[in-house]
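Just so it is clear, the model here is predicted, and its values are computed rather than measured. All values below come from the heavy atoms of this structure, side chains included, with hydrogens, waters and symmetry mates left out.
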Number of protein chains: 2
Amino acid sequence: MNLDQTDRKLLSLLQEDAKRTTKELSMQLGLSKTAVYERIRKMEREGVIRQYTALLDREKINRAFVVFCHIRLTQHTKENVAEFEKQVVSLHEVQECYHVSGDYDYILKIHVANMEDYRNFMVTKLTDLKHIGNTHSIFMIGEVKNSSVIEVGARNKT
Amino acid sequence: MNLDQTDRKLLSLLQEDAKRTTKELSMQLGLSKTAVYERIRKMEREGVIRQYTALLDREKINRAFVVFCHIRLTQHTKENVAEFEKQVVSLHEVQECYHVSGDYDYILKIHVANMEDYRNFMVTKLTDLKHIGNTHSIFMIGEVKNSSVIEVGARNKT
DNA sequence: GTTCATGGTGAATATTTTTCAGCAAGTTGA
DNA sequence: TCAACTTGCTGAAAAATATTCACCATGAAC
């Protein structure tokens with residue numbers, strides 16, 4: 001799918017606020033409502049837009065304590081990796097999990113209420129996962145930037 | 001603000017898909033459309049729901065190369081920290097930036113198209129930032145989990 | 001017992017989304 | 001060159017949704 005300037009602008013506006021109406025968008029882009037509507041539907045169909053979501057205030061839902069937990073596995077067999085990943089996905093405290101290069105194999109972003117809950121999570125859940133060798137926790141002191149908008153690249157793969 | 005079981009369920013549904021209609025939500029929750037509508041509006045007013053956004057496919061917008069860049073500052077004066085943070089926020093490649101505990105001061109999550117673009121970013125932009133001491137890049141090999149849904153905690157601060 | 005505050009309902013109204021018929025420009029191939 | 005086709009647009013109409021409103025029940029406060 002090839003995204004033109006209008007598509008990119010549209011994506012930028014929808015990332016900022018997905019509740020914008022086609023009428024509002026059409027005025028900003030200088031197009032008809034239907035034209036905008038069709039472009040959005042197309043990007044949804046093609047999977048450029050994956051999902052619409054509501055972003056919550058972590059403080060207000062009691063999940064302000066964020067930890068980056070680096071994890072090294074004991075052994076990197078296919079089975080171990082698959083089993084570990086499957087288990088990690090099922091932990092609701094684990095907001096994100098990436099397989100990464102470097103000293104550690106995985107980085108987990110974990111959202112809990114406070115240090116006590118994090119300790120509980122470590123002791124009762126994370127430690128139970130199989131094949132975990134070593135962990136290293138980095139605590140978030142402050143959030144400087146967390147943008148919901150990804151700049152859309154001009155050139156694209158087919 | 002106190003969130004009851006219905007609010008939490010509502011938040012969970014809206015995080016999964018913010019485009020769900022009040023009608024659909026009302027059926028799932030066993031309430032009237034208006035009751036659901038009022039609950040949502042209240043959570044928007046109170047700031048529990050911060051924003052609605054469209055999530056894009058990083059591959060399809062040519063931003064599939066993700067790097068976690070750890071940064072240490074040379075000196076931690078108020079001025080340096082403020083200046084650094086201000087500059088970082090303005091870089092569109094930097095999707096997220098956290099002030100953290102540990103060996104490094106900041107973790108940046110950076111989205112670009114490929115290694116070449118990352119190199120360019122490092123050389124022409126990141127290195128230009130003042131007060132940067134040391135950096136360490138960790139490359140994302142795979143995304144195991146990236147959930148748009150944060151579990152909502154039961155108890156809340158006022 | 002009256003007065004509030006809270007959270008609900010169903011109907012009416014305002015807005016928005018979605019569909020549809022058609023138009024114009026550009027491409028393709030005989 | 002011209003018919004056939006594709007693409008992306010427009011404006012109006014229809015369908016669905018959001019929003020407002022008047023009103024009801026419940027429980028707490030005084």
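Salt bridge absent: B:E85 and A:K145 never bring a charged side-chain N and a carboxylate O closer than 4.0 Å. Under the 4.0 Å criterion applied to side-chain N and carboxylate O atoms, A:E38 and A:R41 are not assigned as salt-bridge partners. The pair A:E151-B:R63 fails the salt-bridge criterion, with no side-chain N (NZ, NE, NH1 or NH2) lying under 4.0 Å from an Asp/Glu carboxylate O.
Taking atom CE of A:M27 as the reference point, atom P of C:dT16 lies 9 Å away to the nearest angstrom. Rounded to an integer number of Å, the gap from A:K23 NZ to C:dT17 P is 10 Å. Whole-Å rounding puts the B:K19 NZ to D:dA16 P distance at 18 Å. In this structure, OH of B:Y37 is placed 19 Å from P of C:dA12, rounded to the nearest angstrom. Straight-line distance from the CD atom of B:E38 to the P atom of C:dT9: 11 Å, rounded to whole Å. Rounded to whole Å, the distance from NZ on B:K42 to P on C:dA5 is 14 Å. Between B:D7 atom CG and C:dG7 atom P the separation is 9 Å, expressed in whole Å. Summarising the geometry, the separation between CG on B:L31 and C1' on C:dG10 is reported as 14 Å, rounded to the nearest angstrom.
Taken residue by residue, residues 45-53 of chain A places no heavy atom nearer than 4.0 Å to DNA chain C.
At a threshold of 4.0 angstrom between heavy atoms, the contacts of B:T34 include nucleobase atoms, whether or not backbone atoms are also involved.
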With ring-ring contact (aromatic ring centres under 6.0 Å, His included) as the criterion, how do A:Y118 and A:F139 come out once you've worked through the C-alpha distance, each side chain's angles and the decisive distance to 0.1 Å? CA-CA 10 Å; A:Y118 185 62; A:F139 298 100; 5.8 Å; yes
Check the pair B:S148, A:Q51 against side chain to side chain contact (heavy atoms under 4.5 Å, CB included), reporting the backbone distance first and the verdict last. CA-CA 9 Å; B:S148 57; A:Q51 191 185 350; 2.9 Å; yes
Is there a ring-ring contact (aromatic ring centres under 6.0 Å, His included) between A:Y106 and A:F84 once you walk through the steps? CA-CA 10 Å; A:Y106 291 94; A:F84 169 78; 4.6 Å; yes
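In this structure, B:D4 and B:K33 both approach DNA chain C, and ranking their closest nucleotides by distance from the 5' end singles out B:D4.
Each of D:dT10, D:dT19, C:dT17 was ranked by its minimum atom distance to the side chain of A:S32; first place goes to D:dT10. When distances run from any side-chain atom of A:T21 to the nucleotides D:dT19, C:dT17, D:dA18, the shortest one goes to C:dT17.
Taking the ring centre of A:Y52 as origin, the terminal cationic atom of B:K19 falls inside the region bounded by 6.0 Å and 45° from the ring axis.
For the OP1/OP2 pair of D:dA18 and a distance below 4.0 Å, the side-chain nitrogens and oxygens of B:T22 include at least one atom meeting the criterion. OP1 and OP2 of C:dT17 both lie 4.0 Å or more from every side-chain N or O belonging to A:R41.
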